[in-house]
Undergrad: 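Attaching a single structure in structure tokens format; questions to follow.
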Amino acid sequence: MKNTIVTQDLRSLCRAAMNRPGGILFLTGAGISAESGIPTFRGAEGYWTIGSTEYRPQELATQAAFRRMPWGIWAWYLYRRGVCRRADPNPAHRAVVEAETALGDRFLLITQNVDGLHRRAGSSADRTYEIHGNIELMRCAADCTTARWPIPDGVPDLGKGDELSAEAQALLVCPRCGAGARPHVLWFDESYDEERFRWNSSIDAAERAALVIIVGTSARTTLPWNVVEIAARAGATLIDVNLEDNPFGDIAAKRGAVVREPAALAVPEIVEHLVG
Ligand code: APR
């Protein structure tokens with residue numbers, strides 16, 4: 001594991017980025033919510049490592065699986081929603097809100113997390129791109145519209161392996177066309193777009209970034225890779241906060257800094273350098 005960069009260098013990196021034009025982007029993954037008690041995806045207790053009792057993990061997060069067993073997939077997401085609801089934002093989420101408040105239009109948060117903790121911490125809807133969706137929302141499974149709706153209150157959180165009641169199933173319908181509704185999350189056999197997942201807006205922001213602070217991601221999905229590579233090519237400084245080395249850390253080591261500390265410790269320190 002690489003040694004953490006000394007504070008002074010981190011401070012001068014942040015100050016230098018603040019003193020030149022361009023956006024300040026936070027790109028977050030499951031690692032920022034790990035200290036809130038939400039499992040990551042690929043960690044030892046991760047959702048993709050453990051999955052459900054019967055299915056290989058990734059099989060669950062697909063449109064194909066939803067078509068085959070909609071109520072089984074709904075039950076799994078309502079179990080995960082319960083886990084997210086029982087968790088609270090941590091100092092890293094709160095520091096990101098502090099950065100938004102101080103930086104205004106220069107600030108943008110691009111998160112892979114569907115757990116909703118950034119929004120619950122106070123991150124604004126305008127400057128938060130939830131590029132993999134949000135576990136509190138549903139949309140039309142027949143795609144009659146790209147609109148999203150909160151999952152109706154009558155649909156309960158479930159325990160692991162619990163099944164959804166007929167009453168709850170009856171509530172999971174598209175308010176516009178009456179077809180079935182589906183969780184608003186991006187599945188492995190689906191593609192990003194602008195309307196629902198802010199693809200173009202994220203790419204645009206990467207092209208204009210002065211600094212990208214990457215927090216708690218293993219660098220396994222497409223849009224984050226595009227954001228990091230485009231920002232690096234455009235001359236942005238990159239800071240990678242993670243407990244472990246990862247491909248984004250290798251890029252950040254050449255273009256900025258690598259911080260191998262827990263997010264709840266490192267992110268408030270970085271924000272202090274940015275706005276303090
Ligand atoms: N502080 C900082 N980093 C942490 C912490 C922590 N406390 N705990 C774990 N991490 C790091 C891990 O080392 C790992 O690199 O967070 C990363 C989590 O990686 P994944 O579990 O792969 O999650 P993520 O990168 O967000 O997954 C991306 O993949 O499965 C899809 O849609 C899903 O949004 C998800 C996407």
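Numbering of ligands and ligand atoms starts at 1, following listing order. These numbers come from a predicted model, not from an experiment.
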Undergrad: Identify the protein heavy atom lying closest to atom 30 (O) of ligand 1, giving its residue, its atom name and the separation to 0.1 Å.
TA: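 Ranked first by proximity to atom 30 (O) of ligand 1 is Trp48 NE1, 2.4 Å.
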Undergrad: Looking only at heavy atoms, which two atoms of Asn113 and Ala30 are closest? And how far apart?
TA: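 Distance-wise, the nearest heavy atoms are OD1-N, 3.0 Å.
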Undergrad: What residue and atom, counting heavy atoms only, is the protein's closest point to atom 12 (C) of ligand 1, and at what distance?
TA: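 Nearest neighbour among protein heavy atoms for atom 12 (C) of ligand 1, to 0.1 Å: Asn242 OD1, 3.5 Å.
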Undergrad: Return the orientation label for the Tyr192 and Trp199 ring planes: parallel under 30°, perpendicular over 60°, tilted otherwise.
TA: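 Rings of Tyr192 and Trp199: tilted, 30 to 60°.
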Undergrad: Record the part of Phe248 in heavy-atom contact with ligand 1 below 4.0 Å; permitted values are side chain, backbone, both and neither.
TA: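 Looking at Phe248 and ligand 1, no heavy atom falls under 4.0 Å.
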Undergrad: For ligand 1, which is the ligand I care about here, please tell me if Pro262 has any N or O atom under 3.5 Å from one of the ligand's N or O atoms.
TA: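 Among all N and O atoms of Pro262, none is under 3.5 Å from an N or O of ligand 1.
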Undergrad: State, yes or no, whether a side-chain contact exists between Met18 and His273 at a heavy-atom distance under 4.5 Å.
TA: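 SC-SC contact between Met18 and His273 ruled out.
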Undergrad: Atoms of ligand 1 less than 4.0 Å from Glu244 heavy atoms?
TA: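 Near Glu244, the atoms of ligand 1 are 13 (O).
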Undergrad: Atom 35 (C) of ligand 1: which protein heavy atom is closest, and how many Å away?
TA: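 I find the closest protein heavy atom is Phe41 CE1, 3.6 Å.
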Undergrad: Before signing off on this row, confirm whether Ala219 and ligand 1 have an N or O atom pair separated by under 3.5 Å.
TA: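 In this structure, Ala219 places no N or O atom under 3.5 Å from an N or O of ligand 1.
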Undergrad: Heavy-atom distances under 4.0 Å are what count here, so tell me which part of Ser218 touches ligand 1: side chain, backbone, both or neither.
TA: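 For Ser218, the contact with ligand 1 is made by both the backbone and the side chain.
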Undergrad: For the residue pair Leu274 and Leu211, establish whether any side-chain heavy-atom pair is separated by less than 4.5 Å.
TA: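 Yes - at least one pair of side-chain heavy atoms lies under 4.5 Å apart.
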Undergrad: Just wondering, more than 12 heavy atoms not from Asn19 lying within 6.0 Å of its CG?
TA: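 Yes - once you tally the heavy atoms of other residues, nucleotides and ligands closer than 6.0 Å, there are more than 12.
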Undergrad: Given Ile32, Thr217, Thr221, which one has a non-hydrogen atom that is nearest to atom 25 (O) of ligand 1?
TA: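 Result: the heavy atom closest to atom 25 (O) of ligand 1 is in Thr217.
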Undergrad: How close do Pro268 and Ala95 get, heavy atom to heavy atom, and via which atoms?
TA: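 Scanning both residues completely, I find the closest heavy atoms to be CA-CB, 3.6 Å.
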Undergrad: Which word best sums up how the rings of His184 and Phe197 line up, parallel for under 30°, tilted for 30 to 60°, or perpendicular for over 60°?
TA: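 Plane angle under 30°, so parallel.
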Undergrad: Do Ala263 and ligand 1 have an N or O pair less than 3.5 Å apart?
TA: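 Yes, Ala263 has an N/O under 3.5 Å of an N/O on ligand 1.
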Undergrad: With the threshold set at 4.0 Å, does a side-chain nitrogen-carboxylate oxygen contact exist between Glu190 and Arg182?
TA: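 Yes.
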Undergrad: Relative to atom 27 (O) of ligand 1, which among Glu35, Arg42, Arg220, Glu130 owns the nearest non-hydrogen atom?
TA: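 Checking each option, the heavy atom nearest atom 27 (O) of ligand 1 is found in Arg42.
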Undergrad: Which residue and atom name correspond to the protein heavy atom nearest atom 32 (O) of ligand 1, and how close is it?
TA: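 I find the closest protein heavy atom is His132 ND1, 3.4 Å.
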Undergrad: Among Ser36, Gly31, Ala61, which residue places a heavy atom closest to atom 6 (C) of ligand 1?
TA: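 It is Gly31 whose heavy atom sits nearest to atom 6 (C) of ligand 1.
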Undergrad: Tyr77 vs Trp187 aromatic rings, parallel, tilted or perpendicular, using cut-offs 30° and 60°?
TA: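 Tilted: the ring planes of Tyr77 and Trp187 meet at 30° to 60°.
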Undergrad: Note the single closest protein heavy atom to atom 26 (O) of ligand 1, along with its residue, its atom name and the distance in Å.
TA: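 That would be Ala30 N, 2.8 Å.
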Undergrad: Do the side chains of Arg120 and Asp115 get close enough for a salt bridge, i.e. N-O under 4.0 angstrom?
TA: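 Salt bridge flag = no for Asp115 with Arg120.
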Undergrad: Need the ligand 1 atom indices (1-based, order shown) with element for anything under 4.0 Å from a heavy-atom of Gln112.
TA: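 Per the distance check, 28 (C), 34 (O), 36 (C).
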Undergrad: Please output the side-chain donor-acceptor pairs of residues 215-222 that fall under 3.5 Å, not counting sequence neighbours, one pair per line with the distance.
TA:
residue: Thr217; atom: OG1; partner: Gln112; partner atom: NE2; Å: 2.9
residue: Thr217; atom: OG1; partner: Ala219; partner atom: N; Å: 3.4
residue: Thr221; atom: OG1; partner: Gln112; partner atom: OE1; Å: 2.8

Undergrad: Check if Leu243 has a non-hydrogen atom at a distance under 4.0 Å from any atom of ligand 1.
TA: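 Distance cut 4.0 Å: Leu243 passes for ligand 1.
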Undergrad: Regarding atom 18 (C) of ligand 1: of the candidates Gly29, Ala34, Gly216, which has the closest heavy atom?
TA: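 Minimum heavy-atom distance to atom 18 (C) of ligand 1 goes to Gly216.
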